[in-house]
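Step one of this worksheet: look at the structure below.
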Amino acid sequence: MEVVTDQGFRKTVKYLRALIIISLIGIILALLIFLGILAYAKMLGAPALAVPQSTLFFANDGSLIGESNSGQKRYWVPLEEISPDLTAATISIEDKNFYEHHGFDYKRIAGAVFADIKAFAKVQGASTITQQYARNLFLEHDKTWKRKILEAFYSIRLEMNYTKDEILEGYLNTIYYGHGAYGVQSASQFYFGKNASELTLAEASMLAGIPKGPSLYSPLSSIENAKQRQEIILHTMVTNGYIKKQLAQTTKEVPLTFVGNHPHKHVEAAPYFQDAVKNALKNSLNLDERTIALGGLKVFTTLDLKQQEIAEQQVEKYISDESEIQVGMVAMNPKNGYVTAMVGGRDYEESPFNRAVQAVRQPGSTIKPLLYYEALNQGFTPSSTMRSEYTTFKFDDGREEYSPQNYNNTYADGEITLAQALALSDNIYAVKTHLFMGTETLVNTVKKFGISTDMASVPSLALGTSGVRVIEMANAYSLFANGGKKVNPILITRVEDYNGKVIYEYKNEASKVLDAAKAFVMTQMLTGVFDTKLNGYTTVTGNSLIKDITRTYAAKSGTTITDNWMVGYTPQLVTAVWTGYDLGKPITRVAEKGYARNIWAQFMEKSLKGKPVKSFKPPKEGVVGVYVNPANGKLASDDCPIRRFTYYETGTEPTEYCTDHFSHNDEAKPVEDKKDQEVPWYKKIFKWAN
């Protein structure tokens, strides 16, 4: 009997020893596995905390003009901009030991297991804030073991690489509060119409209870359930030492007012402009479409909301509802290239095609200032004269004859100056100038002005027969307005990521591309579009607008069979307007031919109303101003009946006085010996013209 007992005892000891060894091996293996998991988590480094959230677009005054989202409202705010009452309420109800544990609250887990066993059902959760954040960041909300294991792994990575405050900030910015609101900022705005930093204790304790079951505890779904949940949260805040019992009692009785609307739900300002901004983010800043749509960016733009509203109002006012005419319009600050207003069409919902930046249309006579700037480089002056008459140009290289026409077939049938030719939009003068300089000259000149579209090296190019974009024409005229400094159309001034880090900021580095003196001379000639003193033979092209304008403008209209333009500026603002049919159908109605000019004039007047009236200041050196007779470009004496103060590049001003106003007799106007009259150099080349 004793032997059996002894043998049994030895077997028991042997079994226990094996059990201990196995247990130790299991513990060691578990420890190794755990250390391996920690090492792997450390090797992977910090997981990215970014979650899909709305990208916001702001006007130049900081006003929100739009956002990109997929039905989810997400706005990231730093922890210091979240009400302390909300963080306290959230920690109290969700994870009271948040600052003590390392991602897992083992006491809470044990308590939850015991409660579930006791109730024979899952009645108590044990997920910490870290675990919930990991789930929101990386995982689907399914209830599988795979998800739970991955959730635990991500929780380890979060705890190893981020501080508690960083994790708490991320959690509060990602949890769902119902009604499409993700994160505390979106929820605060939706429920209470205020920022998360402005929440009261009553509002914070109400808001903190919603994530447990948004459809159940939202005050908009059930105010009774929401109030009960709020009371529980206030009690836990007392228990955890955040507030006093008396404060909890008074807080739960505070009446609350709920908004129930997302403040940015209907923000749709300047949709064509916003599309252009998104294209700039993609093509200029090289951001991918997902980042643009869901990266939580803050994009600060150049849009002036007042000017944008004025632009849209003028388009609606002047273009008849019965007309199918479309419009493209761009307004810019010529000093820095900031695009302050943009209209890409009459109805974005009907046609999102942006005619301000995408359409390529014939600019007509608005190309002439670029042509004449280069003419100034080649010796022309505002007083340079050529004959304006119906002309057929014949060429020796087999090209067809070319017979350009003036508007309404009206010609001076005599000599006109360059200043007159510009103001009267004389096509004969333009083609002669173009051919004299060589057809490749204008092709190269437009590039200097920032125009990127292809130009055909043909005689008609001087009349704007090669297409351009509206935004490029506005930019080209900006060079005249700012004295010859290169600018580019700028839509975005700054971009911040979801953390507020600046990832792009525009820096204006303008360089000289035009001669300041010649640019000013061109500007001064362009004011002649509205000057009746140049009315030597017919009306100036801006005659119909003179009664509507109250300050000095430099501008040029342009007309083709299918396109109408008006491009002009002051020192503060440049605006280009195009109107026409999308399919290039001829514009035949008289009223439709005036749309571009009227929209431009009223937009400029209303946009500049109340702002200082700034004149075009000549450069400190390089130009000289003299009085001339605009009909012939000669110096005008004090008793000359028609005098216009005109600027010239220094050294090119006229020296001969006009005598046309004298009586026509031998004493007042001696006959010159025709043999001594010299033919101007720039006229000798037109021997092919009849």
Side-chain angles (χ1 to χ4, degrees), residues 60 273 276 280 284 301-304 307-308 311 328-343 356-357 363 365-374 376 422 442 445-453 464 468-493 506-527 529 551-558 565-578 596 599-601 603-604 607-608 611 614-619:
N60 62 1
F273 179 86
S284 299
T301 76
T302 58
L303 186 74
D304 185 307
Q307 289 187 19
Q308 181 66 30
M329 178 177 176
V330 172
M332 289 175 58
N333 182 335
K335 294 181 180 179
N336 50 28
Y338 287 6
V339 175
T340 52
M342 178 183 291
V343 177
V357 299
S365 293
T366 59
I367 203 73
K368 290 176 182 176
L370 283 60
L371 170 74
Y372 291 144
Y373 171 81
E374 187 57 34
L376 295 180
L422 186 61
L442 184 55
T445 297
V446 298
K447 297 176 182 177
K448 185 187 302 182
F449 283 86
I451 294 176
S452 61
T453 50
V468 298
R469 296 179 176 87
V470 176
I471 195 169
E472 290 185 334
M473 287 304 291
N475 187 69
Y477 276 58
S478 292
L479 273 64
F480 290 134
N482 68 28
K485 296 177 182 177
K486 180 181 180 180
V487 291
N488 294 309
I490 301 300
L491 305 172
I492 303 167
T493 56
Y506 171 70
K507 295 181 180 178
N508 186 17
E509 298 179 352
S511 58
K512 281 280 187 179
V513 292
L514 303 184
D515 179 84
K518 294 182 178 69
F520 178 76
V521 170
M522 276 304 312
T523 288
Q524 207 261 350
M525 282 196 289
L526 284 168
T527 63
V529 167
R551 61 180 72 205
T552 301
Y553 296 101
K556 187 72 189 75
S557 60
W565 291 74
M566 190 69 179
V567 188
Y569 55 93
T570 67
Q572 306 109 301
L573 184 64
V574 177
T575 302
V577 181
W578 163 86
I599 291 170
W600 176 88
F603 171 78
M604 294 294 285
S607 294
L608 295 171
K611 295 184 179 180
K614 293 187 177 182
S615 60
F616 296 106
K617 294 182 179 180

Exercise. Has the side chain of T552 got a donor or acceptor atom that lies under 3.5 Å from a matching backbone atom of S615?
Worked result: no
For this session: For N336 and Y506, work out which heavy atoms get closest and say how close.
Result: O-OH, 3.7 Å
Seminar exercise, completed: Closest non-hydrogen atoms of V567 and W600, given as atom of the first, atom of the second and distance, are C-NE1, 4.1 Å
Problem set entry | Close side-chain approach of I451 to M473, heavy-atom, < 4.5 Å | yes
Problem set entry | Heavy-atom closest pair, residues M604 and G568 | CE-O, 4.2 Å
Exercise. Are the aromatic rings of F616 and F480 close, with centres under 6.0 Å apart?
Worked result: no
Exercise. Quick one: salt bridge (Lys or Arg N to Asp or Glu O under 4.0 Å) partners of K512, sequence neighbours excluded?
Worked result: none
For this session: For T302 and F273, run side-chain contact (heavy atoms from CB on, under 4.5 Å): C-alpha distance rounded to whole Å, both residues' side-chain angles, the deciding distance at 0.1 Å, then the answer.
Result: CA-CA 10 Å; T302 58; F273 179 86; 3.9 Å; yes
Exercise. Can Y569 and M332 be said to form a side-chain contact (heavy atoms from CB on, under 4.5 Å), step by step?
Worked result: CA-CA 9 Å; Y569 55 93; M332 289 175 58; over 6 Å; no
Exercise. Got a donor-acceptor contact below 3.5 angstrom from the S511 side chain to the K486 backbone?
Worked result: no
Exercise. Where do L479 and K485 come nearest, in terms of heavy atoms and distance?
Worked result: CG-O, 3.6 Å
For this session: Kindly indicate whether the side chain of T570, heavy atoms from C-beta on, has any atom under 4.5 Å from the side chain of Y553.
Result: yes
For this session: Test side-chain contact (heavy atoms from CB on, under 4.5 Å) on Q572 and S607 and set out the steps.
Result: CA-CA 10 Å; Q572 306 109 301; S607 294; over 6 Å; no
Exercise. Do M342 and V357 have side-chain heavy atoms sitting under 4.5 Å apart?
Worked result: yes
Exercise. Mind checking whether M522 and L422 have side chains closer than 4.5 Å, heavy atoms only?
Worked result: yes
Exercise. How about K335: does its NZ atom have over 12 heavy atoms from other parts shown lying under 6.0 Å from it?
Worked result: no
Problem set entry | D515: partners by side chain to side chain contact (heavy atoms under 4.5 Å, CB included), with sequence neighbours left out | Y373, A517, K518, E649
Seminar exercise, completed: CD1 of I471 to CE of M329, rounded to nearest 0.5 Å, is 13.0 Å
For this session: Rounded to the nearest 0.5 Å, what's the gap from OG on S284 to CD1 on I492? Could you check?
Result: 7.5 Å
Exercise. Does a side-chain heavy-atom distance below 4.5 Å link P489 with V330?
Worked result: no
Problem set entry | L442 and E374, any side-chain heavy atoms less than 4.5 Å apart | no
Problem set entry | Side-chain heavy atoms of Y338 within contact of T493, under 4.5 Å | yes
Exercise. Is there a donor-acceptor contact under 3.5 Å from the side chain of R551 to the main chain of L608?
Worked result: yes
Problem set entry | Flag side-chain contact, heavy atom, 4.5 Å: Q308 against V343 | yes
Exercise. How long is the span from the CG atom in L376 to the CG atom in L371, to the nearest 0.5 Å?
Worked result: 10.0 Å
Seminar exercise, completed: Rounded to the nearest 0.5 angstrom, the CG-CZ distance for N475 and R469 is 12.5 Å
Exercise. Taking all non-hydrogen atoms of both residues, which atom of T366 and which atom of Y477 are closest, and how far apart?
Worked result: O-OH, 2.7 Å
Exercise. What's the verdict on side-chain contact (heavy atoms from CB on, under 4.5 Å) for F449 and V513, showing C-alpha distance, side-chain angles and the deciding distance?
Worked result: CA-CA 8 Å; F449 283 86; V513 292; over 6 Å; no
Exercise. Which atom names give the shortest non-hydrogen contact between S478 and V487, and what distance separates them?
Worked result: CB-CG2, 3.9 Å
